[in-house]
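This is a predicted model, so every value here is computed, not measured.
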Amino acid sequence: MIKEAFEYANKNFKDKFLSFFSILLPVAVVSSLIGAFNLPDTSGVNFTSPTPASPGNELGKYPILGLLNQLVLQGLVVTYITIKVIQDNESIGTLKSLSDYYYGSILFIFRIFLLGLCLLLALLIAAVPGGIIFFIGLVSDVELITSIGAVIAIIGMLFMGLKTSFSPFYLICENKSLSESILASFYSVPNKKVINLLGTFILLVLLVVIVSILIGMILSLALTPFMGISMDAYIFALTFIMTLLSITMLNIYMFLFFYRLYTYFKGDSDLSLNADL
């Protein structure tokens, strides 16, 4: 399963990256500019020594603007456009016009947001049994019971999260309702494959983290001339390019990988459902 998904992602990333990139570029540029302009105030900060992070800094100088950027642009809009572009490339072999994808994202943005809320509710429900045990442990002041409850809650949330992880693909690719998308994802992933799926996600996350660190190191060196202008200019350029690359390069690769897994569990690909990791 992992091998086939990586081969699919690698092949399509190599062959179709420029086409996908051209579709995502406008939203990536806008999001990158917002992120760079919304950086926290760095005046008076000593970059040679670490400073404690204050709540809200991760959203930038204007938290509402940062939240809208991360949630709407980087979250909802990019999710819809990337999945739809990959689906069109796979199903009809060509891409639609730029306006079609951005107009479609406006129509789907609220549905994807509601889907996220429904998935969050499902995770909370899955954690209820463990939460009850955890609460009993706290009340009775028995550390063992508290630990067991916490473990059960985490396992429940992981199980539900993995089983419903392909809900956005059913919502966008098949235009199913919210409940149908969640149920379709839940029943498409066999229980015996949940551990395999968890291992796959962990491996992909590690890969993305490693690649991100390497890209960050290369960009840090390449952009050092901006330090001669000012530290603010350096951080602005670094933030802009890192955001641009993450929205395009990393997002395209990850969604290609997830799309292959979606077709795998749905049964539409040539991957055997009995295949192992």
Chi angles and distances behind the side chain to side chain contact (heavy atoms under 4.5 Å, CB included) call for Ile154, Met157: CA-CA 5 Å; Ile154 293 172; Met157 293 177 70; 5.9 Å; no
Do the side chains of [Y] and [X] get nearer than 4.5 Å, heavy atoms only?
{"X": "Leu95", "Y": "Asp100", "value": "no"}
{"X": "Phe6", "Y": "Leu207", "value": "yes"}
{"X": "Ser165", "Y": "Phe201", "value": "yes"}
{"X": "Glu7", "Y": "Asn12", "value": "no"}
{"X": "Phe108", "Y": "Leu171", "value": "yes"}

Whether [X] side chain and [Y] backbone form a donor-acceptor pair below 3.5 Å:
{"X": "Thr239", "Y": "Ala36", "answer": "no"}
{"X": "Tyr102", "Y": "Ile23", "answer": "yes"}
{"X": "Glu180", "Y": "Ser177", "answer": "yes"}
{"X": "Ser246", "Y": "Thr243", "answer": "yes"}
{"X": "Thr79", "Y": "Gly75", "answer": "yes"}
{"X": "Ser167", "Y": "Thr164", "answer": "yes"}

What pair of heavy atoms forms the shortest contact from [X] to [Y], and how long is it?
{"X": "Ala9", "Y": "Phe257", "value": "CB-N, 4.0 Å"}
{"X": "Ile247", "Y": "Asn251", "value": "O-CB, 2.9 Å"}
{"X": "Thr248", "Y": "Ala28", "value": "CG2-CB, 3.9 Å"}
{"X": "Gln87", "Y": "Ile172", "value": "OE1-O, 4.5 Å"}
{"X": "Ser22", "Y": "Leu98", "value": "O-CD1, 4.0 Å"}
{"X": "Leu244", "Y": "Ser32", "value": "N-OG, 3.1 Å"}

Please determine whether ring-ring contact (aromatic ring centres under 6.0 Å, His included) holds for the pair Phe255 and Phe20, giving the CA-CA distance in whole Å, both sets of side-chain angles, and the decisive distance to 0.1 Å. CA-CA 11 Å; Phe255 276 106; Phe20 295 168; over 10 Å; no
Could you go through the side chain to side chain contact (heavy atoms under 4.5 Å, CB included) check for Lys163 and Tyr187 one step at a time? CA-CA 7 Å; Lys163 292 273 284 184; Tyr187 288 115; 5.8 Å; no
Please determine whether residues [X] and [Y] belong to a single hydrophobic cluster, defined as Ile, Leu, Val, Met, Phe, Trp and Tyr linked transitively by side-chain heavy-atom distances below 4.5 Å.
{"X": "Leu25", "Y": "Val85", "result": "yes"}
{"X": "Val128", "Y": "Phe159", "result": "no"}
{"X": "Val72", "Y": "Phe110", "result": "yes"}

Using the side chain to side chain contact (heavy atoms under 4.5 Å, CB included) rule, take Tyr101 and Asp88 through it: C-alpha gap first, then chi angles, then the decisive distance, then the call. CA-CA 11 Å; Tyr101 293 112; Asp88 287 344; 2.7 Å; yes
How long is the span from the OG1 atom in Thr263 to the CD1 atom in Ile86, to the nearest 0.5 Å?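 Answer rounded to 0.5 Å: 11.0 Å.
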Salt-bridge criterion met for Arg260 and Glu90 (N-O under 4.0 Å):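 Result for this pair is no, no salt bridge flagged.
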Can you confirm whether the side chains of Asn69 and Ser31 place a donor and an acceptor under 3.5 Å from each other? yes
Without hydrogens or angle criteria, can the side chains of Tyr170 and Asn175 be said to hold a donor-acceptor pair below 3.5 Å?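 Side chains of Tyr170 and Asn175: no pair found under 3.5 Å.
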Going by the angle between their ring planes, with limits at 30° and 60°, are Tyr259 and Tyr262 parallel, tilted or perpendicular? tilted
Set out, in order, the CA-CA distance, both residues' side-chain angles and the distance that settles side chain to side chain contact (heavy atoms under 4.5 Å, CB included) for Ile34 and Leu65, then state yes or no. CA-CA 8 Å; Ile34 292 175; Leu65 183 61; 3.8 Å; yes
Residue Asp141 excluded, over 12 heavy atoms near CG under 6.0 Å: no
